[in-house]
S.K.: 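Right, I'll just put the structure down here and ask away after.
Chain letters run A, B, ... following the sequence lines, proteins first and then strands; every chain starts at 1. In this text, all values refer to a predicted model and were calculated from it rather than measured experimentally. Atoms considered below: every heavy atom in the structure, side chains included; atoms not considered: hydrogens, waters and symmetry mates.
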2 protein chains.
Amino acid sequence: MHKYKRIAQTIRERIQEGFYPLKSALPDQMKLCKEFDASRITIKRALEILIEEGYLYSRQGSGTYVMKNAGSVNAFDSLADEYPGVTEQLAGKEVESEILKFVIRNPLAKEVEKLLVEVDDFIYDIKRVRYVNGESIVIEHTIMPVSVIPGINKEVLSHSIYGYIRNELNLSFGGITRRITAEKPDELDRKYLLCTKEDPVLQVEQVVHLKDGTPFEYSITKHRFDKGGINVVDRYHN
Amino acid sequence: MHKYKRIAQTIRERIQEGFYPLKSALPDQMKLCKEFDASRITIKRALEILIEEGYLYSRQGSGTYVMKNAGSVNAFDSLADEYPGVTEQLAGKEVESEILKFVIRNPLAKEVEKLLVEVDDFIYDIKRVRYVNGESIVIEHTIMPVSVIPGINKEVLSHSIYGYIRNELNLSFGGITRRITAEKPDELDRKYLLCTKEDPVLQVEQVVHLKDGTPFEYSITKHRFDKGGINVVDRYHN
DNA sequence: AAGTGGTCTAGACCACGCG
DNA sequence: GCGTGGTCTAGACCACTTT
């Protein structure tokens, strides 16, 4: 474990335990240098982590303070997909997948644009319904380039695609761009999510990238309006 | 302008102009030190900015590379609210506000929890319809503590609350937590957003904080499903 | 083995807030 | 004016990838 991470962890715990009370000032950076036997740059790196996490803020010329709402920021609970950190949220719940469609074909124009592939490349076209505790929660329509993620089969689909990518293919995730909208249910939604015409769906259209920026998933997921929601945390950088 | 920001800007432009082609390797950090006449730490800070922005990624022992999708991440265009960066997106369009409700009262239990105020404090209770180019786009229900944001009046409401907070009260924004859901339209939505019972609304429930973590806004906004959407960009930190 | 990025140090000067 | 955080330097060692 690196020094700056250890220092950040120690300070984080002190905030959580109330040793540094909410809205109080931290000791100045020189004092922290002495206490942790570290250079000022290392202290500053530790503090930057906690600032990014919403525990601290600092004012030049004044000091570093504990946020009034420290630790109140919650992680995602998008029930939508398998993006890292999401499947764990479903831990303890029984998740099942029904495969409605699984073919390999050439991409449409929109898929070429989103996945940066060529028109004569091959892509997977996958449609699944996900059930949690026996209830249908979401319909996922997933497009992935075969060249980037080889070896997908029904066995993989019924478990975790993301686990396969990370553990079997040894690839690292990079980032994700989402567009979230409310939509009227189409025929498929009404059939599998048991929607009436008045029950809206929450739609998430997203492109997921590997660490090097290669897009590997373009997907559209639809949730029953009463079985999901997306939490987002933004931080404003001054 | 600080040195590391200038260096980051120069490299960003080189990527945008194709001087550093997509997926190519950048010169190593020592070469960049010499070119920009800077220390390695300063170079590294510049690179970290661009990594955070999705232009670059680096692999220890190997090098720093241009992302395959560099610059393809787009900023927000949430039509929902006035959070910094959003009103500018509406620039050029005619935005009007109709005030449906504007009172001062004591907070409800949920508002006490979200805004960290006391039950005998006072809060503004504001309901507005926003029109863009004469079309109703969104209904906003906003709760703010009077003690944190004093001096709100109809004059302020018909312009930008956020501009007032930043420019008149001289406060800095810190962060925001949102929950996004799809909902059935209620009576008010149907009346002002001209929804039928089958037209869903996209609801954003959010708490906005000042730089020091003080919550200053708890709001619920509802968009017509065909007049809005939220874009979100996440980055996965390995 | 050579070269790369990641971490860390000790010390300096600057910009800002506050009394 | 003093103390704070913000930026920057020159140099060192380590961890990792590549050859």
Side-chain angles (χ1 to χ4, degrees), chain A residues 1-11 15 20 23-67 170-172 174 210-213 235-238, chain B residues 1-11 15 20 23-53 55-67 169-172 174 210-213 235-238:
Chain A
M1 185 71 110
H2 293 124
K3 197 170 191 173
Y4 72 97
K5 284 185 181 172
R6 275 189 286 112
I7 296 172
Q9 177 56 24
T10 301
I11 296 176
I15 295 168
Y20 295 142
K23 69 172 275 192
S24 70
L26 249 62
D28 68 73
Q29 296 182 353
M30 285 313 298
K31 286 199 184 68
L32 293 172
C33 287
K34 283 168 194 158
E35 175 182 351
F36 290 103
D37 188 32
S39 74
R40 207 178 133 214
I41 283 188
T42 302
I43 293 295
K44 195 161 188 315
R45 267 193 88 178
L47 296 179
E48 272 164 5
I49 291 176
L50 298 172
I51 289 169
E52 186 56 32
E53 290 177 357
Y55 282 99
L56 300 174
Y57 69 101
S58 50
R59 290 169 55 206
Q60 190 171 4
S62 176
T64 301
Y65 302 87
V66 181
M67 282 275 208
N170 247 324
L171 299 172
S172 295
L210 297 176
K211 195 188 174 195
D212 71 357
R235 211 163 300 287
Y236 189 65
H237 300 282
N238 296 280
Chain B
M1 185 71 108
H2 294 127
K3 196 170 192 174
Y4 72 97
K5 286 185 180 172
R6 275 189 285 112
I7 296 172
Q9 179 55 25
T10 302
I11 295 176
I15 295 169
Y20 295 142
K23 69 173 275 194
S24 69
L26 250 64
D28 68 72
Q29 296 181 352
M30 285 313 299
K31 286 201 184 67
L32 293 172
C33 288
K34 283 169 193 156
E35 176 184 351
F36 290 103
D37 188 32
S39 74
R40 207 177 133 217
I41 284 187
T42 302
I43 292 295
K44 194 161 190 315
R45 266 193 89 177
L47 296 179
E48 272 164 4
I49 291 175
L50 298 172
I51 287 169
E52 186 58 30
E53 289 177 356
Y55 282 99
L56 299 174
Y57 69 101
S58 51
R59 289 169 56 209
Q60 189 173 3
S62 176
T64 301
Y65 302 87
V66 181
M67 283 275 209
L169 299 181
N170 247 324
L171 298 172
S172 296
L210 297 176
K211 195 187 175 196
D212 69 357
R235 211 163 301 286
Y236 189 65
H237 300 281
N238 296 279

S.K.: For A:M1 and D:dA15, give me the distance from atom CE to atom C1', rounded to whole Å.
M.R.: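 Value for this atom pair: 17 Å.
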
S.K.: Can you list, in residue-number order, the parts of residues 35-48 of chain A that come under 4.0 Å of DNA chain D, counting heavy atoms only?
M.R.: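 Output list: A:R40, A:I41, A:K44.
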
S.K.: In Å, rounded to the nearest 0.5 Å, how long is the span from CE of A:M67 to CG of A:L56?
M.R.: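 Rounded to the nearest 0.5 Å, the CE-CG separation comes to 8.0 Å.
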
S.K.: Quick one: how far along DNA chain C does chain A reach, first to last nucleotide 5' to 3', anything under 4.0 Å to a heavy atom?
M.R.: C:dT7 to C:dC18

S.K.: Applying side chain to side chain contact (heavy atoms under 4.5 Å, CB included), can you list everything that pairs with B:I7, at least two apart in sequence or on another chain?
M.R.: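 B:K3, B:I11, B:F36, B:A38, B:T42, B:I43, B:A46.
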
S.K.: Excluding sequence neighbours, so at least two apart, what forms side chain to side chain contact (heavy atoms under 4.5 Å, CB included) with A:E48?
M.R.: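 For A:E48 the side chain to side chain contact (heavy atoms under 4.5 Å, CB included) partners, ignoring immediate neighbours, are A:K44, A:R45.
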
S.K.: For A:Y20, check ring pair (Phe, Tyr, Trp, His ring centres under 6.0 Å) against everything at least two apart and list the hits.
M.R.: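 Once residues adjacent in sequence are excluded, A:Y20 has no partner under the ring pair (Phe, Tyr, Trp, His ring centres under 6.0 Å) criterion.
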
S.K.: Would you tabulate the pairs of protein nitrogen or oxygen atoms and nucleotide nitrogen or oxygen atoms of nucleotides 17-19 of chain D closer than 3.5 angstrom?
M.R.:
unit_1	atom_1	unit_2	atom_2	d
D:dT17	O4'	B:G61	O	3.3
D:dT18	OP1	B:R59	NH2	2.9

S.K.: Name the residue closer to the 5' end of DNA chain D, choosing between A:H2 and B:R6 according to the nucleotide with the nearest heavy atom.
M.R.: B:R6

S.K.: What pairs of residues pass the salt bridge (Lys or Arg N to Asp or Glu O under 4.0 Å) test when at least one of them lies in residues 32-43 of chain B, not counting sequence neighbours?
M.R.: B:R14-B:E35

S.K.: Looking at B:A8 and B:I49, what are the two nearest heavy atoms and their distance?
M.R.: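 Closest approach of B:A8 to B:I49, heavy atoms only: CB-CD1, 4.2 Å.
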
S.K.: Which residues pass the ring pair (Phe, Tyr, Trp, His ring centres under 6.0 Å) test with A:Y57, not counting sequence neighbours?
M.R.: A:Y65

S.K.: For B:T10, enumerate each residue passing the side chain to side chain donor-acceptor pair (under 3.5 Å) test, keeping only those at least two apart in sequence or located in another chain.
M.R.: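 So B:T10 forms no side chain to side chain donor-acceptor pair (under 3.5 Å) with any residue.
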
S.K.: Sequence neighbours excluded, which residues qualify as side chain to side chain contact (heavy atoms under 4.5 Å, CB included) partners of B:K23?
M.R.: B:K68

S.K.: Report yes if at least one side-chain N or O of A:T64 is closer than 4.0 Å to OP1 or OP2 of D:dG5; otherwise report no.
M.R.: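 For A:T64, the contact criterion (side-chain N or O under 4.0 Å from OP1 or OP2 of D:dG5) is met.
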
S.K.: Among residues at least two apart in sequence or on other chains, which ones pass side chain to side chain contact (heavy atoms under 4.5 Å, CB included) with A:Q9?
M.R.: A:R12, A:E13

